[in-house]
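Here's the structure we're looking at; comments come further down.
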Amino acid sequence: MWLRNLFAKTLRDLRGQILGWGIGAGLLGWMVIFLYPSFKDQTAALAEMLKGYPAALTGFFGDFTRLNTYPGWLNIELFSYGPPILAIFAVVVGTGLIAGEEEKGTLDLLLSHPIRRWRVVTEKFAALGVATLLIMALTALFFVGGSLMIGETAHLGRIALATMNIAPITLASGALALMVSVLFRSRRLANLVALVVIIGSYFLESLGKTVDVLDPYRPIALYHYYDSSAALFEGIKWGDAGIMLGLTAVFFVVALFAFQRRDIAV
Amino acid sequence: MIIETRKLTKYYGKVRGVEDLDLAVREGEVFGYLGPNGAGKTTTIRLILDLIRPTRGTALLFGQEVRGHAAELKARLGILPGELALWGNLTARDLLTFLGNLHGGLDWVWVNEMAQRLDLDLSRRVGTFSHGNKQKVGLIQAFAHKPSLLILDEPTTGLDPLIQQEFYRLIDEVRAEGRTVFLSSHILPEVDRVCDRVGIIRDGHLVAVEEIAELKRKRLRQMELTFGQPVPPSAFDLPGVREVAKTDSSLRFFVDEAPGSLDGVVKRAAQFELLDMRYQQATLEDIFLTYYRKEGPGGTGAASADEGTGREGDDVAA
């Protein structure tokens, strides 16, 4: 059944990535979660100490004001910097979908069979989307399980949703990577460009919170639309998620049209 | 026409791929597309398959323009890409299953028969295969759904001679069923063995299209005359004589079979002191080189043709 179509085959090819990233992120989460009981008593003192730190520093590292709560702890230690790490998955897989097969030469074989180019892009990107959701779901299982193990049962739904909230920005990163890989053809160049844009936008958003010169440019940063603190405390900002999915759609459509028109490299 | 190209032209930036190609492949024939490496064979095939887009001109399959209809048309094609690349993480059977599913299923009886005839173990992972075994997977996926047109780019690359013979038999069967084959090759004897017609491409231009039988009628004799005195090559600048080359006291050249050609040569030779005279049928290879060698003295045509024959040697040895 994993060879029934290109979507299934691509998902099959990604199974190692799904397990690796899902379990890897989950174990990282466990490390943070299992440390919480010993930090719990000191978080108040820590938060007090951090008040003396420059706003620029605390702004960059996240929302320290709520560090004295369990979700606040998770936010600082996991959710605020998780997406840029998962972006590596999205970029590497995103550029591999088309440009990777093109560089290997297997795209010639695939397109020697009755499958339309737009379907190739669509089925492959759909597989990336499902892989992303599976990774986040696996990670959420670890987070929820870990929370249960240390007796933090108050915020399980929020934690699970906040984990899934990483999916839209990861998808947008993947779509961006797909688009640049189709436009530039070279997978290496595409990796570089996509990572520079993504990491750059992370820094722009983080620093922009406190550096006035950068502040007006924050809305162009992908990470401006990822608010882990809100997801953990107030609930997911659906508008932001919508913007991310909209960007995903734009990148995807550009990739689709660019790929439809261009030569397949030898 | 099963394959037709009209003024098909492709430039990669400023680099010439192919230029003003007018090809016509008829239903039911085995068409050999012959030329040295780098002549534009793969470019032509990739244009016909809509993998790359022409700078100008069009390609048609089954009378329908390829551009915009590639996917429907490919349902009727069996394609072996040049410099075949496969997904090494799959077993041969899984790989064939996946590609077969793109066609809506696979005739396993036929696939297993081909695997047996080509001596391929389908249960092994493709990544562990030798070059030749990968090529067999490529051939099987191209033949699997009994397509009405096979487009094969250098199909015998890496195959050992016994398997090559089996491949030729597969082609013969396709021809017997009235299906069409377009295969590219730089190996003349191969084209000679399996094809009905041959198109010769050189430096991106289609320089000739011939019936194989006709090409053979253009038979040449190769002559070597040894004289007791220096004889200038220009002495044999006669009708029907080609490619006069001088080695020490001998002259070598080709004579065609047109009436009078041989007579002229013998009468001219009689004017000198003739020590030895050797005479043999030229091979198809020689005919090809003689007729389609690039114009100009010692041109690069000879060099690329040599490259072609060199590769053939490698293939036989492999």
Side-chain angles (χ1 to χ4, degrees), chain A residues 1-20 93 96-124 126-127 131 182-187 256-266, chain B residues 10-13 17 42-43 45-55 67-91 93-106 126 134 137-138 141-142 144-145 147 150-153:
Chain A
M1 84 173 260
W2 292 109
L3 300 165
R4 188 159 48 187
N5 53 43
L6 185 58
F7 167 77
K9 179 185 176 292
T10 309
L11 205 54
R12 178 189 188 274
D13 291 340
L14 289 174
R15 64 193 192 273
Q17 300 257 19
I18 295 168
L19 288 176
V93 173
L97 293 176
I98 300 295
E101 295 237 17
E102 193 170 15
E103 283 179 7
K104 267 189 286 176
T106 44
L107 201 52
D108 266 34
L109 179 68
L110 185 61
L111 289 173
S112 292
H113 293 270
I115 183 164
R116 283 166 217 284
R117 286 190 184 198
W118 67 263
R119 278 203 76 119
V120 172
V121 180
T122 306
E123 292 196 28
K124 280 183 157 273
V182 169
L183 291 175
F184 297 152
R185 294 175 194 210
S186 152
R187 188 176 180 189
L256 214 55
F257 275 93
F259 186 59
Q260 199 69 27
R261 283 152 187 273
R262 75 172 175 80
D263 287 357
I264 307 298
V266 185
Chain B
K10 178 68 179 178
Y11 281 91
Y12 301 101
T42 298
T43 297
I45 290 177
R46 297 181 87 239
L47 281 167
I48 291 172
L49 298 178
D50 195 41
L51 294 172
I52 52 177
R53 274 60 190 269
T55 308
R67 194 83 174 82
H69 305 98
E72 303 98 275
L73 290 169
K74 281 171 192 168
R76 302 164 70 184
L77 300 187
I79 299 161
L80 175 73
E83 290 182 29
L84 178 70
L86 303 168
W87 300 285
N89 60 335
L90 299 179
T91 64
R93 182 170 281 114
D94 283 350
L95 191 139
L96 292 168
T97 304
F98 169 64
L99 292 176
N101 284 340
L102 296 176
H103 288 270
L106 209 54
V126 171
K134 284 182 184 157
V137 177
Q141 61 86 35
H145 51 285
L150 280 150
I151 297 182
L152 311 171
D153 195 351

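Just so it is clear, the values below take in all heavy atoms, side chains as well, and ignore hydrogens, waters and symmetry mates. To find a chain, count down the sequence lines: A is the first, B the second, and so on, and within it residues start at 1.
There is no contact between A/Ala8 and chain B, counting heavy-atom distances below 4.5 Å. If you measure heavy-atom distances from B/Leu73 to chain A, you find no contacts under 4.5 Å at all. For chain A, no part of B/Glu83 is nearby; none of its heavy atoms comes within less than 4.5 Å. Interface remark: B/Ala75 contributes backbone and side-chain atoms alike to the contact with chain A (heavy atom separation under 4.5 Å). In this structure, the portion of A/Arg117 lying under 4.5 Å from any heavy atom of chain B is its side chain and not its backbone. Contact annotation for A/Glu101: only side-chain heavy atoms (C-beta onward) come within less than 4.5 Å of a heavy atom of chain B. With a 4.5 Å cut-off on non-hydrogen atoms, B/Leu80 does not touch chain A at all. Contact annotation for A/Asp108: both backbone and side-chain heavy atoms come within less than 4.5 Å of a heavy atom of chain B.
A/Lys124 approaches A/Leu97 most closely through the heavy-atom pair NZ-O, 3.1 Å. The minimum heavy-atom distance between B/Ala144 and B/Leu106, with the atom names listed, is CB-CD1, 3.7 Å.
Of the residues considered (B/Asn89, B/Asp50, B/Leu99), B/Leu99 shows the highest number of contacts with chain A, using heavy-atom pairs under 4.5 Å. Between chain A and the options B/His145, B/Lys74, B/Arg76, B/Gln141, the largest number of non-hydrogen pairs under 4.5 Å is found for B/Lys74.
At least one side-chain heavy atom of B/Leu49 sits less than 4.5 Å from a side-chain heavy atom of B/Leu77.
The closest donor-acceptor contact from the side chain of A/Glu123 to the backbone of A/Val120 lies at 3.5 Å or more, if one exists at all. Using a distance-only test at 3.5 Å, with no hydrogens or angles considered, a donor-acceptor pair links the side chain of B/Arg53 to the main chain of A/Arg261.
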Next on the checklist: Run B/Asp94 and A/Arg12 through side chain to side chain contact (heavy atoms under 4.5 Å, CB included) and show every step you take.
Outcome noted: CA-CA 12 Å; B/Asp94 283 350; A/Arg12 178 189 188 274; 4.0 Å; yes

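A salt bridge does not link B/Asp153 to B/Arg46: none of the charged side-chain nitrogens sits closer than 4.0 Å to a carboxylate oxygen.
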